[in-house]
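Everything on this sheet refers to the single structure shown next.
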Amino acid sequence: MDTVSKDTISQKRETPGRILEIRRDFPILNRQVQDKPLVYLDNGASTQMPKQVMDTINAYHEFHHSNVHRGVHQLSQEATELYEGAREKLRAFIGAASTKEVVYTSGTTESINLVANSYGLANLKKGDKILISNMEHHANIVPWYMIAKKTGAEIVVIPILDDGSLDMDALSELMDNNVRILCVNHVSNALGTVNPVKEIAKMCRDYGVITVIDGAQAVGHFPIDVVDLGVDFYAFSGHKMHGPTGVGVLYGREELLAKMEPFMGGGDMILSVSFEKIIWNELPYKFEAGTPPIAQAIGLGAAVDYLNSLDREFLESYENDLLEYATEKLKSVSGLKLVGTAPGKISLNSFVIEGVHPHDIGTILDGEGVAVRTGQHCAEPVMDRFGIPATTRASMAFYNTFEEIDALTDALLKVTELFDVTD
Amino acid sequence: MDTVSKDTISQKRETPGRILEIRRDFPILNRQVQDKPLVYLDNGASTQMPKQVMDTINAYHEFHHSNVHRGVHQLSQEATELYEGAREKLRAFIGAASTKEVVYTSGTTESINLVANSYGLANLKKGDKILISNMEHHANIVPWYMIAKKTGAEIVVIPILDDGSLDMDALSELMDNNVRILCVNHVSNALGTVNPVKEIAKMCRDYGVITVIDGAQAVGHFPIDVVDLGVDFYAFSGHKMHGPTGVGVLYGREELLAKMEPFMGGGDMILSVSFEKIIWNELPYKFEAGTPPIAQAIGLGAAVDYLNSLDREFLESYENDLLEYATEKLKSVSGLKLVGTAPGKISLNSFVIEGVHPHDIGTILDGEGVAVRTGQHCAEPVMDRFGIPATTRASMAFYNTFEEIDALTDALLKVTELFDVTD
Amino acid sequence: MLLTNRSKNLYQEVILDHNKNPRNYREIEHPSHFAKGNNPLCGDKLDVYLIIDDKNVVTDVSFVGDGCAISKASASIMTTLVKDKTIDEVNKLFEGFHDMATGKIEPDEDPKLRRLRAFSGVKDLPARVKCATLAWHTLDAALKNQEIISTE
Amino acid sequence: MLLTNRSKNLYQEVILDHNKNPRNYREIEHPSHFAKGNNPLCGDKLDVYLIIDDKNVVTDVSFVGDGCAISKASASIMTTLVKDKTIDEVNKLFEGFHDMATGKIEPDEDPKLRRLRAFSGVKDLPARVKCATLAWHTLDAALKNQEIISTE
Ligand SMILES: Cc1ncc(COP(=O)(O)O)c(C=O)c1O
Ligand SMILES: Cc1ncc(COP(=O)(O)O)c(C=O)c1O
């Protein structure tokens, strides 16, 4: 690497040693792709897992595995302790008041479906409105679409501004006494926008509107405090915060969860069963039917430990530097236009290049070892809003380096050369 | 170990070398519990995982992890290939006609909830009957109870005989033109009974009744062929067949799945989304909302490979020997009564001991290193049927040994001595 | 018989005896306080009956129910201990017992817990703590006029 | 410019040219056959218009739509190839193209595939096979009178 002045953002920058050290925890970052070092910039789709989480999962399988809750024997008690211990870690991680408010699910998608079915179906009727932002992931649209069909409630879209910010003025105007539920992501996976959730939640409380916050893209990037945010429901996935697939969390305020009917039925979520009468279990078990994702929950707990072991404040500011650097660097690519330039963003850049389809960009970048996502990012309404079929998205994590941004830019220059793009 | 005649079943028997070799694949079987070697007889709750499955999951995380389906880059294509490759393995494993019929879920419980909600809710009405066997796990009762409440359909119980067999005569009589759905487990987790699913499915086809078979306890013990069985839906879990927690399968006949509405909404299960109109994806993706349990599905594929690498016919006959041996051995315990003595059983013995509560048995056995399950086994109606509060259950897998059955029996003799039980 | 220390420690003579011959095992026809206890994990069910006079003294107490040796012996011993005690004294006893069963204090630290010492072994068995405390939780619920409780 | 071989192989001049200047890119007002193709994975959308005479010959063919270079070039080249062919010949061409794109046959094995050879590189890119075949699948659907298809 060249030695360069660190102050000139448009020049090359050196990645801090602390980051290079962190990278060693992630075995996959040593991968070669097409004989080039992997440059993994698809963290928005799924983040990579550190050795520490893998080791925890392995140790669980090698020494402790058993079903939870129902056993008096040693392994079952150990598994239960690990599983419930992870719940406590997650509680602290999001600042929930009690583990009763921390429901394990299979991911963000199931978390939101749970709220839509258990809360939405029971509390919505014709004439009611569900406010959904125009930048939502399909996970926070489709379940509501299904519930709206069933209840006759109406979906009202909260518009977004040209820079990809939520239109807060429009939101204020949309608030009325028929609004029951508001759905917004904390961070947009297509635009990178960080939404002012605390302010939105305050507005919602004033109107008695229930907030359903999709935190999938937030939890891996900055600390969360659901009580400080003042939200009612908060959903996220393990695999977007360096934990395993197959597990996620629904945070819900105890008062709301307590009144809701279960989403799914089965073992463990009941106190007693006969064919005539069934009594539901207590929180959070009422919402955890059947054998839960035990190893995955324990792995997620290890991901929380891992994140807590790092200096998250440093990581956040490093990711900001990465974003700033990437934003600047991408300016050197002819015909490139960023989609999503809100003032508050995580380290993610979505963009289009005049005359080149994102799919072709993705393939050519892949040939250079650079993994980005191309397409609609499960956020078709965002694409419609900006009148584009798809974007290319480079989404970073704290283990990405300035050199990797250089590799991205170099690969993009090859694209524009091949496709003969000029400004 | 003593050398003994192999013919006298009530005497000690030697475990075949092939089994001892298989045991080496399972690291957890080396555990010590209370300074004694672990005797794991809680396979009905969850089975243990061989090294081969752990290695596959690790390799996935270290080399291939990425989100599936949506990426053009190398890792995403590898992950997709591994994930879809595992689906094909599962298809072959259960003899399904097409991978369109193999839906990944989080487990048996979600599989059955999917059928209850997507098929049941749309097809049941007041006056309709759902036949449910008296030996079902809560996973095949509670979802139907919830749907019955919503639709006004009636749950009718198929009785069981004193030996724990399904009462097939009673079933014939219950069959009439109002029956829409029949729910029965292939194997009872509380009794060990193997039900005549093929015969039942034939009867159901004659009446146009849809069969929902809970195969959770079957897949780990003997080969399955859903086409030969002639069933409509078949549900099972990864963690009961030496695969991971957090993943399961719903098999459904394509013709039925094609007509069903999705259960959950989110990414990947749609073709196109706007706030006005959503088009569902094709099978099986219509039923797989959001990021699926990628690593877990791949691990489950490895479990299928593992089982296929063994001589399953031999394992089945060995497990029969284990059951026979255990059944005979338990006769030597004063006051012990088996619950479930059907002619066709997997290697599982549920029992009660006069005057000693199962919970106390479980604790004392645990002190001897013997892990059994005590309680209602998520099958409260079975307990009610036999007029007992709970049982102790020793559930075996192919890696258990005759010596472990001896250890179980010895530990039980300590229980009866302590509690002064006489015949 | 070579039982592990843990089991020997838990299943002492006094527990086995109270399990086999529970004291005050009967219904009280007109109790002043009553509650049903329920431990869904193991299916233990316990009804506790009380008669409390106007000086807040337990003049009669009984139980019926189904459960494991630990929960049954615990209920039986409880009835023998709370009889003729004031509600205040009963609450203190419950508190001490609870702390001992969950390992917060050693039985020797409180002379009043002498007769409950047999249950101190459950602290090493998280799944059994609820068995030992079910009767006491139910008693507590009866005193607070909650009719149904469950420990989970 | 140092592109990897794979990209060079895929993005040949002919593909880049047809992408930039697609042939027969227009609507046909009264088509005898028509279908809409859709690749939801990448958002590619393609309408194919055909006029087929009573001798089963394609007398006119066109397309409009949005898509990546691969799918656009494939559609453009397809229109130039199927013009004046009989339905039978078109079906054979589709079959050959499909086999080549999925790696079942080499382009050299069939002289008719000469002008489609540029697409043989997609066989190494499972995610891109659908881009290359979308136009052909849509054509096939039009011929079979299915109005909407999607490749997944
Ligand atoms: C017969 C039977 N059905 C269903 C289940 C539920 O399976 P899971 O908890 O994996 O969803 C089990 C296991 O607990 C079972 O034994
Ligand atoms: C903003 C956002 N919401 C929801 C989801 C869905 O998460 P999952 O697929 O893990 O359920 C994602 C990820 O795809 C996302 O980025």
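Each chain gets a letter, A, B and so on, in the order the sequences are listed, and its residues count up from 1.
- Atom NZ of C/Lys85 has more than 12 heavy atoms from other residues, nucleotides or ligands within 6.0 Å.
- Within 6.0 Å of NZ on C/Lys45 lie no more than 12 heavy atoms contributed by other residues, nucleotides or ligands.
- Both the backbone and the side chain of B/Asp366 come within less than 4.5 Å of a heavy atom in chain C.
- Taking a 6.0 Å sphere around CD of B/Glu354, one finds it holds 12 or fewer heavy atoms contributed by other residues, nucleotides or ligands.
- Crowding of B/Gln32 atom CD: a count of heavy atoms from other residues, nucleotides or ligands under 6.0 Å exceeding 12.
- Between C/Asn19 and B/His357 the shortest side-chain heavy-atom distance does not fall below 4.5 Å.
- Proximity to chain B is limited to the side chain of C/Lys20, based on heavy atoms less than 4.5 angstrom apart.
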Taking it one step at a time, do C/Arg128 and B/Asp360 satisfy salt bridge (Lys or Arg N to Asp or Glu O under 4.0 Å)? CA-CA 9 Å; C/Arg128 306 306 302 278; B/Asp360 297 314; 2.9 Å; yes
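- Only the side chain of C/Leu125 comes within contact range of chain B, with at least one heavy atom under 4.5 Å from a heavy atom of that chain.
- Partners of B/Lys331 by salt bridge (Lys or Arg N to Asp or Glu O under 4.0 Å), not counting sequence neighbours, listed by chain and number: B/Glu328.
- Distance check, rounded to the nearest 0.5 Å: CG of B/Leu418 to CD1 of C/Ile15 gives 10.5 Å.
- In plain terms, the two heavy atoms of B/Gly367 and C/Ser7 that are nearest each other are CA-OG, 4.3 Å.
- Scanning all heavy atoms of the two residues, the minimum distance from C/Cys68 to B/His359 falls at CB-CB, 3.8 Å.
- B/Tyr399 meets the ring pair (Phe, Tyr, Trp, His ring centres under 6.0 Å) test with B/Phe26, B/His242; sequence neighbours excluded.
- Atoms CG and CG, from C/Leu16 and B/Asp420 in turn, are 9.0 Å apart once rounded to the nearest 0.5 Å.
- No more than 12 heavy atoms of other residues, nucleotides or ligands sit less than 6.0 Å from atom CG of B/Asp35.
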